[in-house]
Amino acid sequence: MKKITAIACSMLMLATGVAAFSGCGKGKEEAKEVGTVMNVSLNPEVEFVLDQYGKVISVNALNEEGNLIVSAEVFTGETAEEAAKLFVKVSAETGFLVEGNASAGENEIEISFSGDTEKAEKLYNNVKSTVQTYLSEENITAQIEQAAAITDAQLREVVAECAPYIDKAKLQALDYMEMVETIAEARQETAGLYSQELKNAYYEMKAFTMQQAELETIKAHLGVIEKAAVDIAFAGYTLAVDTIETTRLTMLVNDSSPYQVALRAFQAAKTEYLNYREYVASLEQTEVTTAISQQLALLQTAVDQTEATLLKAGEDANAALDTAKASVQTTYDTVIKAIGNYSALANEYAEEVSANVQLKSQMFYTQFEEDYAAVITSARTNWANMKAALQESETVA
């Protein structure tokens with residue numbers, strides 16, 4: 001992961017809507033002005049945030065297979081054109097882009113942009129030209145389409161996901177540039193997490209860390225009697241937060257979790273299917289026998305089944321997480337009630353709260369990297385192994 005030199009916002013807000021402070025600051029490392037968001041989709045889906053010069057300042061997988069793409073190359077610093085070309089290159093090397101006889105619905109690349117329509121149109125034409133040139137050089141037939149523009153409402157949804165510490169009122173007040181900047185900073189922090197669930201864990205646990213820092217700061221200024229009552233409520237709140245992390249680890253993140261087991265099965269099935277599909281695409285139409293077509297269909301069925309299992313594992317885990325989050329909200333409200341004059345204290349010690357939240361946020365990065373070291377490495381290794389298996393040159397028979 002790439003460490004941010006300054007934390008984007010100083011106060012937390014959970015997605016449930018609890019009001020909080022917010023303040024922004026940037027270090028020299030983030031001095032470049034953001035420009036637009038570019039999403040590239042084939043089946044792997046990847047998000048690129050570009051600066052005002054059209055160069056990539058952050059990259060993020062939008063689905064699990066996108067993690068294979070972003071883990072395979074360095075995209076940061078490349079132009080939008082070169083980033084899209086790299087996306088296509090890795091997709092071709094790993095079989096997501098069919099080299100040979102492509103069937104209907106295959107090799108369809110969609111590119112979308114946020115922001116100014118005229119600028120987006122120019123960027124799209126430049127990207128399309130570069131990608132088409134590469135495809136022509138590699139003798140790959142593919143269709144490139146400009147997808148519907150990424151709306152401000154969609155950007156707001158992304159911000160809510162990757163910066164859940166921003167309260168709803170503040171979120172609605174963010175302008176376009178602030179939204180794109182927030183997304184870029186969040187993606188930079190999770191650049192080395194090649195797992196959708198690991199990124200979700202990072203975003204949400206960071207938000208809880210910021211909220212706890214806020215409450216701890218205010219609690220320190222209470223009298224002995226008031227503090228004793230708040231300590232009891234705070235213990236229940238902390239336990240509820242810990243339950244969320246435990247649930248996420250056991251159901252989504254750990255190697256032995258149902259989600260990760262299902263993901264590895266999906267990766268294996270998809271690898272076998274893509275390799276066999278590449279073999280079929282290399283044949284002349286007259287060489288594609290009924291048996292070969294049936295085998296390809298069977299492998300596709302295996303992909304569909306393992307993907308369904310993966311989605312179910314995710315749904316089950318998220319249902320459990322929603323229950324745990326509801327408990328956090330209830331216990332948080334109990335802490336606020338126990339404090340009594342929460343708003344007045346929050347205003348009186350706003351600077352101290354902000355400083356402590358920022359400090360704990362910075363410490364959180366290192367702690368998360370340590371706590372999740374094994375699963376971070378495992379995710380990276382699993383995608384590398386899948387990439388290697390997809391790049392094997394042996395003929396599939």
Side-chain angles (χ1 to χ4, degrees), residues 37-50 56 58-113 123-124 126-147 187 191 194-196 263 266-282 296 299-300 303-304 307 379-380 382-394 396:
V37 176
M38 176 179 76
N39 289 349
V40 183
S41 174
L42 174 63
N43 181 9
E45 299 177 15
V46 176
E47 165 201 278
F48 302 95
V49 177
L50 313 174
V56 177
S58 77
V59 57
N60 173 66
L62 293 175
N63 63 359
E64 285 292 5
E65 290 156 299
N67 287 299
L68 184 147
I69 304 296
V70 301
S71 65
E73 293 284 351
V74 176
F75 291 88
T76 305
E78 299 288 351
T79 63
E81 295 84 355
E82 286 301 312
K85 177 182 171 181
L86 270 176
F87 174 96
V88 171
K89 175 177 176 288
V90 177
S91 296
E93 291 174 347
T94 53
F96 287 102
L97 193 64
V98 181
E99 298 184 49
N101 300 312
S103 302
E106 296 175 337
N107 288 9
E108 294 181 357
I109 304 166
E110 291 189 343
I111 305 172
S112 57
F113 295 90
L123 266 172
Y124 170 73
N126 291 341
V127 169
K128 182 177 181 180
S129 176
T130 298
V131 172
Q132 282 182 326
T133 298
Y134 173 78
L135 292 170
S136 178
E137 291 171 349
E138 298 297 318
N139 295 314
I140 300 173
T141 301
Q143 183 177 351
I144 306 172
E145 297 288 345
Q146 184 173 13
R187 303 312 196 193
Y194 303 122
S195 161
Q196 300 308 90
L263 177 58
F266 171 73
Q267 289 172 323
K270 194 63 178 279
T271 298
E272 191 172 4
Y273 168 74
L274 290 175
N275 278 337
Y276 197 79
R277 187 180 69 168
E278 185 176 15
Y279 160 67
V280 174
S282 70
L296 184 62
L299 293 175
Q300 176 65 71
V303 170
D304 294 341
E307 185 173 24
R380 183 185 300 114
N382 289 341
W383 289 117
N385 290 341
M386 182 175 177
K387 180 174 181 285
L390 288 169
Q391 288 180 316
E392 287 180 354
S393 58
E394 294 182 34
V396 181

ask   = Residues in side-chain hydrogen bond (donor to acceptor under 3.5 Å, both in side chains) with N67, at least two apart?
value =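 Result, side-chain hydrogen bond (donor to acceptor under 3.5 Å, both in side chains) vs N67: E64, Q196.
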
task = Evaluate the side-chain contact (heavy atoms from CB on, under 4.5 Å) criterion for residues I144 and L135: first the C-alpha distance (whole Å), next the side-chain angles of each, then the deciding distance (0.1 Å), finally the verdict.
result = CA-CA 11 Å; I144 306 172; L135 292 170; 4.1 Å; yes

key: Least distance between heavy atoms, V127 atom then A84 atom   =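 Result for this residue pair: CG1-CB, 3.4 Å.
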
request  = Please name the pair of heavy atoms, one in I140 and one in A92, separated by the smallest distance, quoted to 0.1 Å.
outcome  =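 What the structure gives for the nearest pair is CD1-CB, 3.9 Å.
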
key: Distance (rounded to the nearest 0.5 Å) between S195 OG and R380 CZ   =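 Those atoms lie 11.5 Å apart.
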
Of L68, I69, V70, the residue whose pairing with W383 passes side chain to side chain contact (heavy atoms under 4.5 Å, CB included) =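 Among the candidates, only L68 passes.
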
query = Roughly how far apart are E138 CD and T133 OG1, rounded to 0.5 Å?
reply =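 The CD atom of E138 sits 12.0 Å away from the OG1 atom of T133.
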
key: Side chains of L274 and T94 in contact at under 4.5 Å (non-hydrogen atoms)   =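 In short, these two side chains do not touch, never coming nearer than 4.5 Å.
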
message = Can you confirm whether E47 sits close enough to V37 that some side-chain heavy atom of one is under 4.5 Å from a side-chain heavy atom of the other?
response =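 Of all side-chain heavy-atom pairs linking V37 with E47, at least one is under 4.5 Å.
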
Heavy-atom side-chain proximity of M38 to L123 below 4.5 angstrom =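 No; the side chains remain at least 4.5 Å from each other.
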
From CG (L97) to CG (N43), nearest 0.5 Å =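 Spacing of CG (L97) from CG (N43) equals 11.5 Å.
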
query = Quick one: CG on L390 to OG1 on T271, what's the gap to the nearest 0.5 Å?
reply =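 Result: 4.5 Å between the selected atoms.
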
ask   = Which pairs count as salt bridge (charged side-chain N to carboxylate O under 4.0 Å, His left out) when at least one residue sits in residues 67-86, sequence neighbours excluded?
value =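 Salt bridge (charged side-chain N to carboxylate O under 4.0 Å, His left out) check on residues 67-86 returns E73-K89.
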
Partner set under ring-ring contact (aromatic ring centres under 6.0 Å, His included) for F75, not counting sequence neighbours =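 By the ring-ring contact (aromatic ring centres under 6.0 Å, His included) rule, F75 matches F48.
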
inquiry  = Working to the nearest 0.5 angstrom, can you tell me the gap between R277 CZ and Q300 CD?
reply    =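 It comes to 8.5 Å.
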
message = Working to the nearest 0.5 angstrom, can you tell me the gap between L263 CG and K270 NZ?
response =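 Here the rounded value is 11.5 Å.
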
query = Among all residues two or more places apart in sequence or in another chain, which pass the side-chain hydrogen bond (donor to acceptor under 3.5 Å, both in side chains) test with N126?
reply =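 With sequence neighbours excluded, N126 shows a side-chain hydrogen bond (donor to acceptor under 3.5 Å, both in side chains) to no residue whatsoever.
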
request  = Measure from the side-chain N and O atoms of N107 to the backbone N and O of V98, and report whether any donor-acceptor pair falls under 3.5 Å.
outcome  =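 Here the side-chain-to-backbone pair exists.
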
message = Going by side-chain hydrogen bond (donor to acceptor under 3.5 Å, both in side chains), name the residues that satisfy it together with Q143, two or more places apart in sequence or in a different chain.
response =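 Q143: side-chain hydrogen bond (donor to acceptor under 3.5 Å, both in side chains) contacts with E145.
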
request  = Report the residues that fulfil salt bridge (charged side-chain N to carboxylate O under 4.0 Å, His left out) with E278, sequence neighbours left out, ordered by chain and then residue number.
outcome  =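 Not a single residue meets the salt bridge (charged side-chain N to carboxylate O under 4.0 Å, His left out) criterion with E278.
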
query = Any side-chain heavy atom of L50 sitting closer than 4.5 Å to one from V56?
reply =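 Answer yes - side chains close enough.
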
ask   = With a 4.5 Å limit on heavy-atom distance, are the side chains of F87 and L42 in contact?
value =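 Sidechains of L42 and F87: in contact.
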
key: Smallest separation among heavy atoms of A147 and S112, with atom names   =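 For A147 and S112, the tightest heavy-atom pair comes out as CB-CB, 3.9 Å.
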
